[in-house]
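Data first, discussion second: the structure below is written as structure tokens.
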Amino acid sequence: MALAEQAATDVEPSLRITEIFRSLQGEAMFVGAPTVFVRLTGCPLRCTYCDTAYAFSGGARKSLDAIVAEVQAFGTQYVCVTGGEPLAQPTCELLLTRLCDAGLSVSIETSGALDVASVDPRVVKVLDLKTPASNEAHRNLWANLDHLTGQDQIKMVICDRADFDWACAKVREHTLIDLCTVWFSPSHDELEPGTLADWILESGLPVRLQLQLHKYLWGDVRGR
């Protein structure tokens with residue numbers, strides 16, 4: 001084998017990382033649980049309500065071994081891989097498997113615009129379907145629904161009544177309740193949580209209201 005080829009095979013896989021930190025999970029099924037967050041850099045979407053635009057670029061490249069070691073150093077069972085859009089970096093799937101192999105409970109927060117078919121089945125997928133007010137609803141990859149199981153979750157951020165009506169229609173059209181837990185989340189500072197709660201009750205749909213716990217505890221602060 002040529003030296004250049006040998007060097008290529010010896011390179012440890014790596015990812016560009018914006019931050020790794022420990023906090024309380026603020027959303028979905030594990031809300032309130034101490035969790036280590038691994039925020040990957042980069043995202044092909046530009047949602048109107050995005051609260052992590054700082055992760056679009058920059059970051060530092062780290063090897064998978066270094067990432068796993070840093071996560072394990074916190075001594076916390078739950079790990080959430082997020083972004084940005086974590087699956088925009090192909091090596092993300094390998095990181096998910098490495099974290100699972102390390103005996104950790106792993107979830108991924110993904111926009112639903114990229115294929116989740118190859119995500120390790122041990123990983124809980126939190127699929128963020130984009131509503132019209134996000135300006136990215138055309139990016140939803142509906143084939144992803146075929147790869148969800150009962151452990152997975154669907155989230156939709158609701159900005160206004162039109163978003164809510166659209167979300168209800170998609171729940172019915174795709175029988176999402178039969179796939180997994182479905183969360184409706186009010187866009188922070190755009191829709192009052194109580195208003196969304198009333199709409200959910202009026203709809204009769206067995207979806208769940210989700211608030212971003214971390215924002216109520218600490219505000220819109222990075223690393224929380």
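Bear in mind that the values here come from a model prediction, so they are computed numbers and not experimental data. All residue numbers in this chain count up from 1 along the given sequence.
- Between the side chain of Asp120 and the main chain of Leu96, no donor-acceptor pair closer than 3.5 Å is present.
- Note that CD of Gln153 and CZ of Phe30 are 6.5 Å apart. Values are rounded to the nearest 0.5 Å.
- One hydrophobic cluster, built from ILVMFWY side chains closer than 4.5 Å, cannot hold both Met29 and Leu211; they sit in different ones.
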side-chain contact (heavy atoms from CB on, under 4.5 Å) between His188 and Asp51, worked out: CA-CA 9 Å; His188 202 71; Asp51 56 5; over 6 Å; no

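- Taken to the nearest 0.5 Å, the OG atom of Ser185 stands 6.0 Å off from the NZ atom of Lys155.
- When all heavy atoms are compared, the tightest approach of Cys100 to Val123 is SG-CG2, 3.6 Å.
- Between Leu45 and Lys130, some side-chain heavy-atom pair lies under the 4.5 Å cut-off.
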Per-pair distances, 0.1 Å, donor-acceptor, side chain in residues 191-205, under 3.5 Å, sequence neighbours excluded:
| residue | atom | partner | partner atom | Å |
| --- | --- | --- | --- | --- |
| Ser203 | OG | Ile200 | O | 2.7 |
| Ser203 | OG | Leu205 | N | 3.1 |

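- Gln25 contributes no side-chain N or O that, together with a main-chain N or O of Tyr78, makes up a donor-acceptor pair within less than 3.5 Å.
- No side-chain heavy atom of Val79 sits under 4.5 Å from any side-chain heavy atom of Ser105.
- The backbone N or O of Ala133 sits less than 3.5 Å from a side-chain atom of Thr48, completing a donor-acceptor pair.
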Test log, rule side-chain contact (heavy atoms from CB on, under 4.5 Å), inputs Val81 and Cys92: CA-CA 9 Å; Val81 177; Cys92 175; 4.0 Å; yes

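- Shortest non-hydrogen contact noted between Ile17 and Ile20 is CG2-CG1, 3.8 Å.
- Transitive grouping of hydrophobic side chains (ILVMFWY, heavy atoms separated by less than 4.5 Å) keeps Val124 and Leu95 in distinct clusters.
- In this structure, CZ in Arg122 is found 6.0 Å from OG1 in Thr97, a value given to the nearest 0.5 Å.
- Using a 4.5 Å heavy-atom threshold, the side chains of Ser14 and Thr91 count as separate.
- Looking at heavy atoms from C-beta onward, Pro44 lies in side-chain contact with Arg139 at the 4.5 angstrom threshold.
- Rounding to the nearest 0.5 Å gives a distance of 10.0 Å between OG of Ser134 and CG of Leu129.
- Both Leu104 and Ile108 are assigned to one and the same hydrophobic cluster, defined by single-linkage of ILVMFWY side chains at heavy-atom distances under 4.5 Å.
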Steps toward side-chain hydrogen bond (donor to acceptor under 3.5 Å, both in side chains) verdict (Thr110, Glu85): CA-CA 6 Å; Thr110 176; Glu85 168 49 73; 3.1 Å; yes

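- Side-chain heavy atoms closer than 4.5 Å link hydrophobic residues (I, L, V, M, F, W, Y) into clusters, and following such links, even through other members, never connects Tyr54 to Phe56.
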Atom pairs and distances, side-chain donor-acceptor, residues 170-181, under 3.5 Å, sequence neighbours left out:
| residue | atom | partner | partner atom | Å |
| --- | --- | --- | --- | --- |
| Lys170 | NZ | Glu173 | OE1 | 3.3 |

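- Closest non-hydrogen pair, Glu190 versus Cys159, comes out as OE2-SG, 3.8 Å.
- Between Arg46 and Glu136, no side-chain nitrogen of the basic residue sits less than 4.0 Å from a carboxylate oxygen of the acidic one, so the salt-bridge criterion is not met.
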Full working for side-chain hydrogen bond (donor to acceptor under 3.5 Å, both in side chains) between Thr82 and Glu109: CA-CA 5 Å; Thr82 185; Glu109 295 180 348; 3.0 Å; yes

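- Rounded to the nearest 0.5 Å, atoms CG (Leu127) and OG (Ser111) are 7.5 Å apart.
- A chain of hydrophobic side-chain contacts below 4.5 Å, direct or via other Ile, Leu, Val, Met, Phe, Trp or Tyr residues, connects Leu64 to Leu87.
- Looking only at side-chain heavy atoms (C-beta outward), Gln89 and Arg16 come within less than 4.5 Å of each other.
- Here the side chain of Gln210 pairs no donor or acceptor atom with the backbone of Gly26 at under 3.5 angstrom.
- Two residues are said to be in side-chain contact when any heavy atoms from C-beta on lie closer than 4.5 Å; Cys80 and Thr35 meet this criterion.
- Using a 4.0 Å cut-off between a side-chain N of Lys or Arg and a carboxylate O of Asp or Glu, Arg161 and Asp163 do not qualify as a salt bridge.
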Step-by-step side-chain contact (heavy atoms from CB on, under 4.5 Å) determination, Tyr49 to Val157: CA-CA 9 Å; Tyr49 47 71; Val157 177; 3.7 Å; yes

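- At distances below 3.5 Å, at least one donor-acceptor pair connects side-chain atoms of Thr41 with backbone N or O atoms of Thr18.
- Formation of a donor-acceptor pair under 3.5 Å by the Asp165 side chain with backbone atoms of Ala162 is not found in this model.
- Two residues are said to be in side-chain contact when any heavy atoms from C-beta on lie closer than 4.5 Å; Met156 and Asp128 fail this criterion.
- Here the closest non-hydrogen pair linking Leu24 and Gly32 is CD2-O, 3.4 Å.
- In this structure, CZ in Phe37 is found 7.5 Å from OG in Ser107, a value given to the nearest 0.5 Å.
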Donor-acceptor list for residues 65-76 side chains, cut-off 3.5 Å, not counting sequence neighbours:
| residue | atom | partner | partner atom | Å |
| --- | --- | --- | --- | --- |
| Asp65 | OD1 | Arg98 | NH1 | 3.1 |
| Glu70 | OE1 | Lys62 | NZ | 3.0 |
| Thr76 | OG1 | Arg22 | NE | 2.8 |

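- Looking at Leu145 and Ile154, their side chains come closer than 4.5 Å, going by heavy atoms from C-beta outward.
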